[in-house]
S.K.: 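To start, I am sharing the structure in question, which I have written as structure tokens.
Chain A is the first sequence line, chain B the second, and so forth, proteins listed ahead of strands; every chain is numbered from 1.
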Amino acid sequence: SAVISQKPSRDICQRGTSLTIQCQVDSQVTMMFWYRQQPGQSLTLIATANQGSEATYESGFVIDKFPISRPNLTFSTLTVSNMSPEDSSIYLCSALPMAGDGNTIYFGEGSWLTVV
Amino acid sequence: AQSVSQHNHHVILSEAASLELGCNYSYGGTVNLFWYVQYPGQHLQLLLKYFSGDPLVKGIKGFEAEFIKSKFSFNLRKPSVQWSDTAEYFCAVASKAAGNKLTFGGGTRVLVKP
């Protein structure tokens with residue numbers, strides 16, 4: 001298994017500002033992903049964070065809006081840029097451990113962002 | 001591309017009733033299937049998963065799910081629910097061909113009345 005910690009857990013942000021969310025895993029993982037869960041909705045994949053290279057973004061998400069870093073096998077950041085109220089969501093980091101129970105993907109507790 | 005459909009958006013039932021949540025996926029290759037639960041105000045937790053082998057999978061808290069390949073289904077069941085099972089339940093599918101990315105269904109909100 002993997003324990004995934006996210007910071008901040010919650011924040012209230014001003015429109016037009018940017019916020020970086022950090023994700024730390026307690027063990028090495030092969031893959032890391034960032035998801036968004038808008039109020040009352042399901043989870044949508046934003047991107048796959050690739051170690052040492054640019055993230056792979058899903059349709060509808062772009063690097064300028066959601067820059068992602070992954071400098072090593074246990075850490076990643078997601079920045080939500082130039083925020084608007086529509087960006088108010090839970091942002092979740094998830095990871096696929098290198099060792100352990102097959103292809104189970106684990107999730108962090110989420111970062112609840114409210115943009116005002 | 002893989003996709004997941006959960007047919008029930010909201011379910012309301014009384015304690016001790018049986019629960020079955022439908023999940024159908026769309027993908028022709030080998031898949032891994034998951035059910036996650038999100039209790040009010042809490043983060044996502046894994047309930048159970050299917051990779052291979054026995055198609056009847058048992059998870060935590062008395063939940064089980066059955067993989068029926070011919071129907072592309074992975075329905076979640078619990079014989080007797082408790083008030084504490086009030087939560088949102090998400091079915092998800094992942095495949096190596098799709099880069100192990102999880103695709104989630106729309107979720108089913110379950111309310112168990114005491």
S.K.: Which residue pairs pass the disulfide (SG to SG under 2.5 Å) test when at least one of the two sits in residues 58-91 of chain A, sequence neighbours left out?
M.R.: none
S.K.: Nearest 0.5 Å please: distance from the CG atom of Leu44(B) over to the CD atom of Glu109(A).
M.R.: 11.5 Å
S.K.: Heavy-atom distances under 4.5 Å only: say whether Leu45(A) touches chain B with side chain, backbone, both or neither.
M.R.: side chain
S.K.: Going hydrophobic residue to hydrophobic residue with side-chain gaps under 4.5 angstrom, can you get from Ile63(A) over to Phe66(A)?
M.R.: yes
S.K.: Heavy-atom pairs under 4.5 Å with chain B: which of Met31(A), Gln41(A), Gln37(A) has the most?
M.R.: Gln37(A)
S.K.: Listed by residue number, which members of residues 75-89 of chain A have a heavy atom under 4.5 Å from any heavy atom of chain B?
M.R.: none
S.K.: Taking the side chain as every heavy atom from C-beta outward, state whether Thr104(A) and Phe51(B) have any atom pair closer than 4.5 Å.
M.R.: yes
S.K.: Could you state whether Tyr39(B) and Trp35(B) fall into the same hydrophobic cluster, counting links through intermediate Ile, Leu, Val, Met, Phe, Trp or Tyr residues with side-chain heavy atoms under 4.5 angstrom apart?
M.R.: yes
S.K.: Is Tyr35(A) reachable from Phe61(A) through a run of I, L, V, M, F, W or Y residues, each pair having side-chain heavy atoms under 4.5 Å apart?
M.R.: no
S.K.: Can you give each donor-acceptor pair under 3.5 Å made by side-chain atoms of residues 101-114 of chain B, sequence neighbours left out, with the distance rounded to 0.1 Å?
M.R.:
residue   : atom : partner  : partner atom : Å
Lys101(B) : NZ   : Glu58(A) : OE2          : 3.0
Thr103(B) : OG1  : Gln2(B)  : NE2          : 3.0
Thr108(B) : OG1  : Gln6(B)  : NE2          : 3.2
Thr108(B) : OG1  : Asn8(B)  : O            : 2.4
Arg109(B) : NE   : Glu88(B) : OE1          : 3.4

S.K.: Hey, could you give me the CD1/CG distance between Ile105(A) and Leu46(B), rounded to the nearest 0.5 Å?
M.R.: 10.5 Å
S.K.: Distance check, rounded to the nearest 0.5 Å: Ser42(A) atom OG versus Gln38(B) atom CD?
M.R.: 9.0 Å
S.K.: Spell out the residues in residues 7-24 of chain A that have some non-hydrogen atom less than 4.5 Å away from a non-hydrogen atom of chain B, in order of number; otherwise answer 'none'.
M.R.: none
S.K.: In terms of hydrophobic clustering (I, L, V, M, F, W, Y; side-chain heavy atoms under 4.5 Å; direct or indirect links), are Val81(B) and Tyr89(B) co-clustered?
M.R.: yes
S.K.: Treat each ILVMFWY residue as a node, draw an edge where side-chain heavy atoms are under 4.5 Å apart, and state whether Val93(B) and Ile46(A) are in one component.
M.R.: no
